Amino acid sequence: MAAIQALRGTRDILPAEIRYWQQVEAVARDILGKATYQEIRTPTFEPTALFERGIGEATDVVGKEMYTFKDRGDRSLTLRPEGTAGVVRSFIEHGLGTQGGVQRLWYCGPMFRYERPQAGRQRQFHQIGVEVLGSPSARADAEAIAIATDILKTLGLKTLELNLNSIGDASDRDRFRAALIDYLTPFKDKLDADSQDRLTRNPLRILDSKDEGTQKILDQAPSILDHLSPESQARFEQVQSLLSALNIPYTLNPRLVRGLDYYTHTVFELQSQDLGAQATVCAGGRYDGLVQELGGAATPAVGWAIGMERLVILLQQLQSLPEPAIDFYMVSKGEPAEAQALVLAQTLRQAGFTVELDMSGSAFGKQFKRADRSHAAACLILGDTEAETQTVQLKWLDTGDQTAIAQADLLTMSDALQTRLNSRTREA
RNA sequence: GCGAGCGUAGCCAAGUGGUUAAGGCAGUGGAUUGUGGUUCCGCCAUUCGUGGGUUCGAGUCCCAUCGUUCGCCCCA
């Protein structure tokens, strides 16, 4: 019978890889905690209407990438394709904005989009993201970006490029859209097919077309930055000067536009040269209209999301994380000894040591071979003789030193054992 | 959704239509019946993602299907 395999676009994260995920989560948790961001967990499925209204019905994500289905109560559900809509729904539903002040929230978890899988792009993928709700200040944009770069830099990524743009507010964009259409229409026949199609549907998206011919035409196109209102422009300049004050280098990219409808003003992407076509590791921006769009009080907000799979790919290129260290490898043979070894292993674990118990029942020689391969600091050995005398042999694997210890004394020696273990770690 | 490449063991692979499917790593048994790292010997794919077809003969050619990789699209 054929074995059942993981679905297309889904994958298992095996123990050898999970260490990287845990490292990312630990670093993010620490940095976000220090900036007083609080974790929030929202459901992985939501009413379909939430994403249709939040992300925009005309977007590709909503139009052709959502996992949407009817449940047994005939409700239309969708597996979340991104994190922001759910967090905003929760923010409104629980009145998190009514306490005044700014809500700094972060989340992590799986997202779902029905796309053709590629390296760094799965159908179930994972994001870690933040949402800052309630501040219109440019400082909120700069703080959010600073925290993202801080997390990535702490993880060891030094070569990411920060692309920055402002797409202004709705009326800025209306004016720009008209100017862009005026400019592009005479060139319509020379644009690539996708861009021709977008000229009426979503002309801003033409700006980030990868087609060379289209890019050439765009060289002379009007820039969004020339169509910002004085207020939007001042706001964007403030974001830039704050980033400079934070010593965060960035590249102005007037052609950076986002595929989700809710963005306003600041948009940004952090990209790597080492990921192929899926280069964006972290992206986000301001979304001042979304809370109101979803039925809440008008609330300015900014956020971003990191693609975990892409980040982990980069980390694996960068460094190899060691296997977790084992303090003691428990070798035992013979029925009473094996029982005592189990009890002793539990006692040591409760005292804080990491103990691997060999349950193979194979010859001592084999068990020592495995002990060696486990890179444990020391072996604890129990055979018939030790079982009878209630002792245990302690053998340090680096020097080969071996001494007999009464089982009852092992815990009272734990400080000395810990000292010896620590000195070994320092040498290694 | 579109285009192209690739699927041989847990991993890396050789194999270019001719009969027993190299090799390495890992694993495992023994030399070594209570003491590791080296070494030596043995075992480890009735079968090449799956299903059809062509052929006297298919891992090798053809078709379909599934998976994967790269690009487009999209996006984190």
Side-chain angles (χ1 to χ4, degrees), chain A residues 1-11 14 16 55 59-66 81-84 108-129 148 152 192-195 197-198 202 205 208-212 256-260 263 268-272 275-285 303-314 329 331-334 337 358 360 362-376 378-387 393-402:
Chain A
M1 190 165 32
I4 295 173
Q5 299 178 326
L7 283 169
R8 182 172 171 79
T10 69
R11 49 191 286 279
L14 300 176
I55 300 171
T59 60
D60 288 291
V61 169
V62 171
K64 53 187 202 192
E65 293 177 2
M66 294 205 302
E82 55 98 57
T84 301
C108 67
M111 309 292 163
F112 307 86
R113 290 181 201 172
Y114 192 87
E115 298 182 278
R116 184 84 177 258
Q118 234 173 284
R121 193 175 78 184
Q122 256 70 48
R123 288 180 174 179
Q124 173 173 342
F125 62 104
H126 298 78
Q127 291 186 333
I128 179 162
L152 297 168
D192 61 280
D194 284 320
S195 294
D197 188 41
R198 288 200 193 104
N202 194 353
R205 305 272 323 152
D208 62 3
S209 166
K210 287 181 186 170
D211 184 82
E212 277 185 37
L256 175 62
V257 289
R258 320 274 15 263
L260 310 182
Y263 285 110
F268 70 94
E269 288 186 353
L270 281 153
Q271 296 193 323
S272 165
L275 280 174
Q278 316 302 324
T280 302
V281 182
C282 173
W304 50 252
I306 288 173
M308 289 287 283
E309 278 80 2
R310 294 177 190 181
L311 179 51
V312 167
I313 289 170
L314 291 174
Y329 190 95
V331 166
S332 59
K333 187 141 184 70
D358 191 315
S360 66
S362 45
F364 276 104
K366 291 291 168 201
Q367 294 196 46
F368 275 102
K369 263 183 199 181
R370 281 192 281 266
D372 198 57
R373 266 174 236 150
S374 79
H375 297 113
C379 265
L380 287 167
I381 306 143
L382 273 124
D384 293 335
T385 326
E386 289 77 17
Q393 298 283 337
L394 169 65
K395 175 172 182 171
W396 296 97
L397 286 171
D398 49 357
T399 60
D401 291 348
Q402 184 170 329

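None of these values were measured; they are calculated from a predicted model. So you know, we letter chains A, B, ... as the sequences are listed, proteins then strands, and number each from 1. Scope of the values below: all heavy atoms of this structure, side chains included, with no hydrogens, waters or symmetry mates.
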In sequence, state the C-alpha distance, the side-chain angles, and the governing distance for A/L260 and A/V61, and then conclude on side chain to side chain contact (heavy atoms under 4.5 Å, CB included).
-> CA-CA 8 Å; A/L260 310 182; A/V61 169; 4.0 Å; yes

Contact class for [X] vs. all strands (heavy atom < 4.0 Å): base, sugar-phosphate, or nothing?
{"X": "A/G120", "value": "base"}
{"X": "A/G400", "value": "base"}
{"X": "A/G9", "value": "sugar-phosphate"}
{"X": "A/V61", "value": "sugar-phosphate"}
{"X": "A/A305", "value": "sugar-phosphate"}
{"X": "A/R113", "value": "base"}
{"X": "A/T59", "value": "nothing"}

Any sub-3.5 Å donor-acceptor pair from A/R123's side-chain atoms to A/F112's backbone N or O?
->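 No, A/R123 side chain to A/F112 backbone: no donor-acceptor pair under 3.5 Å.
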
Verify, without hydrogens or angle tests, whether A/R8 (side chain) and A/P117 (backbone) share a donor-acceptor contact under 3.5 angstrom.
->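 Between the backbone of A/P117 and the side chain of A/R8 there is no qualifying donor-acceptor contact (under 3.5 Å).
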
Do A/K64 and A/E115 meet the salt-bridge criterion of a basic N to acidic O distance under 4.0 Å?
->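 A/K64 and A/E115: not salt-bridged.
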
If you find the nucleotide of RNA chain B closest to A/D384 and the one closest to A/L260, which residue's nucleotide is nearer the 5' end?
->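 It is A/D384, whose closest nucleotide lies nearer the 5' terminus.
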
Report the residue (A/E386 or A/R205) whose heavy-atom-nearest nucleotide on RNA chain B is the more 5′ of the two.
->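 Of the two residues, A/E386 wins.
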
May I have the distance from [X] (atom [atom1]) to [N] (atom [atom2]), rounded to whole angstrom?
{"X": "A/Q367", "N": "B/U28", "atom1": "CD", "atom2": "P", "value": "12 Å"}
{"X": "A/K369", "N": "B/G29", "atom1": "NZ", "atom2": "P", "value": "10 Å"}
{"X": "A/Q278", "N": "B/A76", "atom1": "CD", "atom2": "P", "value": "11 Å"}
{"X": "A/K395", "N": "B/U35", "atom1": "NZ", "atom2": "P", "value": "9 Å"}
{"X": "A/D211", "N": "B/G71", "atom1": "CG", "atom2": "C1'", "value": "13 Å"}
{"X": "A/I55", "N": "B/A76", "atom1": "CD1", "atom2": "C1'", "value": "13 Å"}
{"X": "A/F364", "N": "B/G34", "atom1": "CZ", "atom2": "C1'", "value": "5 Å"}
{"X": "A/R123", "N": "B/C73", "atom1": "CZ", "atom2": "P", "value": "18 Å"}

Side chain to side chain contact (heavy atoms under 4.5 Å, CB included) evaluation trace for A/H126 with A/M111 | CA-CA 6 Å; A/H126 298 78; A/M111 309 292 163; over 6 Å; no

Do we get A/K395 above A/Y329's six-membered ring, with its NZ or CZ under 6.0 Å from the centre and within 45° of the axis?
->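 Judged by the rule (NZ or CZ under 6.0 Å from the ring centre, within 45° of its axis), A/K395 is not positioned above A/Y329.
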
Pair A/R310-A/T280, side-chain donor/acceptor within less than 3.5 Å =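 Side-chain D/A pair, A/R310 to A/T280: absent.
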
Per-nucleotide protein contact along nucleotides 1-8 of chain B, 5' to 3', at a 4.0 Å heavy-atom cut-off (B base, S sugar-phosphate only, - neither), is BBBB----

By centroid distance (under 5.5 Å) and plane angle (under 30°), are A/F368 and B/G36 in a stacked arrangement?
->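 Aromatic stack with B/G36 absent for A/F368.
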
Distances under 3.5 Å between nitrogen or oxygen atoms of protein and nucleotides 47-49 of chain B:
none

For [N], take OP1 and OP2 only and decide whether either is under 4.0 Å from a side-chain N or O of [X].
{"X": "A/Q118", "N": "B/G71", "result": "yes"}
{"X": "A/R11", "N": "B/U68", "result": "no"}
{"X": "A/K210", "N": "B/C72", "result": "yes"}

Side-chain donor/acceptor contact of A/R310 with base of B/C75 under 3.5 Å =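 In this structure, the two groups form a donor-acceptor pair.
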
Does the base of B/U35 carry an N or O that pairs as donor and acceptor with the side chain of A/Q402 under 3.5 Å?
->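 Under the 3.5 Å cut-off, the side chain and the base do form a donor-acceptor pair.
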
Selected nucleotide, minimal atom distance to A/Q393 side chain, candidates B/C73, B/G34, B/G29 =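 Within the option list, the nearest is B/G34.
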
Working to the nearest 0.5 Å, report the span between SG of A/C282 and CD of A/Q271.
->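 Here the interatomic distance stands at 11.0 Å.
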
Do other residues, nucleotides or ligands put more than 12 heavy atoms under 6.0 Å from A/Y114 OH?
->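 No.
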
